[in-house]
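In what follows, chains carry the letters A, B, and so on, assigned in the order in which the sequence lines appear, proteins first and then strands, with residues in each chain numbered from 1. Note: hydrogens, waters and symmetry copies are ignored here, and every other heavy atom, side chains too, is used.
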Protein chains: 2
Amino acid sequence: MENIQLSVTENIFKKIKYDIVFGNLEPDQKLKLNLLQTEYNVSISILREVLNRLCGDGFIIYKVQKGFFVSPISKKDLYEIADLRITLETHALEISIKNKDYEWEAELLGAYHKLNHAENELEKNNLNAKSLWTKYDAEFHQMLIKKCNSLNLIRIHEVIFDKYLRYQLLILKYRGKESIKEHKDLLDYSLISNIQKAQNTLRDHIKKGVDYASSNLSL
Amino acid sequence: MENIQLSVTENIFKKIKYDIVFGNLEPDQKLKLNLLQTEYNVSISILREVLNRLCGDGFIIYKVQKGFFVSPISKKDLYEIADLRITLETHALEISIKNKDYEWEAELLGAYHKLNHAENELEKNNLNAKSLWTKYDAEFHQMLIKKCNSLNLIRIHEVIFDKYLRYQLLILKYRGKESIKEHKDLLDYSLISNIQKAQNTLRDHIKKGVDYASSNLSL
DNA sequence: TATAATTAAAGATTCGATTATTTTTATAAT
DNA sequence: ATTATAAAAATAATCGAATCTTTAATTATA
């Protein structure tokens, strides 16, 4: 019998991080402890543990005797995040491709297949597919760098990806056909081990995404 | 009158992080809360807040219902950290050099001067200079990337640098003359804006450092 | 009216105690 | 002697209350 029991702290951590990334908690919003206490139904100590952990990742800002605040957003921050994502993800992609095996190719094809399905649904204006697309986009990009053989790199990339995702979700629009083509190219270049073209495609993919996001973001 | 009052939490955070980086708390060591309580003379709640924050940065590992542990070390981890430092620091250096101004040049020269002084003291076998060298080495490298114009990048680099430093301090030995030459080159290439050579020097500098560390590390 | 001082309310910080879980030790059964 | 079971000790997790700080509201003064 499996024991999947998570502590209260772990559950609240996931909830609050989700609420920040998905915009339920707004940028700059002050996180008053007694409000959160009733909202999430936990004690203050638990909340402070969770908020401190999120501080470490930079999703929350802490000011002594002033409390906790959801991290602010800005175009400058968005471009910084995008630049970091490009730097980390292209580097990881190169190593990943160099280390690839059949199992990885299979998993990558699988991840692509799911993403492509969600993309098609979105093209048919099935708006329910939005959250699915979000999930599969993340999984596809995680799979691309999975063989980079560096837990540290994967861990940092994950944080940066979530920060990037937060901006994407603030826009809510979907870049459509262009992005679909880029994902297909990313898959194909990875499978034939063309590192240069795979990296260039990834770089353009993120740059176009961030420009699109930026132009749709009123700040 | 300035208000430099830090909360208890902030102070303990710095102390514990210092103790991890500088090896007073050993890798894999279990951080029992009541022991830490008497050691640092604070309540459990405070400790849990601090340990959670350090989890976010990866200096501490948390296992549900098992407690907190100082992150383990390994050669693989060291090489991952070094690779990340190279990736992040060369990228930041390029942008920094492109954005440079006279003020930065002046500050960089100042930082180099202090580092060079510490290096000379070490050459004279003045072992007290060791901790000074640690400080000035960090400051010199931070100054190199200061103009990269990305708080996110600087913040992440800082965490990686501290993780790298932790390994360096485990070795305690000093690489000597070679490293001195590299620092001088790093300064000169940055000042004449030779980005390629500055990046290559930095890459070699870190690679040689990590190889030196690795070969002196019994794991 | 505008500014400064005082008080009241709200909120952050810290702590000690209670509860729940895990680990260790002791005891019993095979 | 070895494994299984039960009791005890150690430790982690959680909570609610006490303390301290900041912010807002009120009153007093120029």
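The side chain of A:Glu49 lies closest to D:dT14, out of C:dT14, D:dT14, D:dC15. For A:Gln65, the listed nucleotide lying nearest its side chain is D:dT22; candidates were D:dA13, D:dT22, C:dC15. Considering only the side chain of B:Arg48, D:dT14 comes nearest among C:dT14, C:dT13, D:dT14. Taking the side chain of B:Lys66 as heavy atoms from C-beta on, and the options C:dT23, D:dG16, C:dT14, the nearest nucleotide is C:dT23.
Protein atom CD1 of A:Ile60 is 12 Å distant from nucleotide atom P of C:dA12, rounded to whole Å. A:Glu10 has its CD atom 14 Å from the C1' atom of D:dT14, to the nearest Å. Here D:dT14 presents its P atom at 15 Å from CG of B:Leu51, a figure rounded to the nearest Å. B:Leu47 places its CG atom 15 Å from the P atom of D:dT11, with the value rounded to the nearest Å. Put simply, NZ on A:Lys63 is 16 Å from P on C:dG11, counting in whole angstrom units. Distance CD1 (A:Ile46) to P (C:dC15): 17 Å, rounded to an integer number of Å.
Regarding contacts with the backbone of C:dT14, a side-chain N or O of B:Thr9 is found under 4.0 angstrom from either OP1 or OP2.
Both tests pass for B:Lys163 against the ring of B:Phe59: distance under 6.0 Å to the centre and angle within 45° of the axis. Cation-pi contact between B:Arg53 and B:Phe13: present, with separation from the ring centre below 6.0 Å and deviation from the ring axis of at most 45°.
By the neighbour-count criterion of 12 heavy atoms within 6.0 Å, atom NZ of A:Lys15 is sparsely surrounded, having that number or fewer from other residues, nucleotides or ligands. Shown here is B:Asp28, whose CG atom has more than 12 heavy atoms of other residues, nucleotides or ligands within 6.0 Å.
Below 30°, between 30° and 60°, or above 60°: for B:Tyr62 and B:Phe68 the angle between ring planes is between 30° and 60°, a tilted geometry.
Between the CD atom of A:Glu80 and the CG atom of B:Asn149 there is a distance of 6.5 Å, given to the nearest 0.5 Å.
Contacts between residues 24-43 of chain B and DNA chain C, defined by a heavy-atom separation under 4.0 Å, are made by B:Ser43.
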ring-ring contact (aromatic ring centres under 6.0 Å, His included) assessment of B:His141 paired with B:His205: CA-CA 11 Å; B:His141 282 279; B:His205 178 60; 5.3 Å; yes

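As judged by a 4.0 angstrom heavy-atom cut-off over every strand, A:Ile44 is placed among the base-contacting residues.
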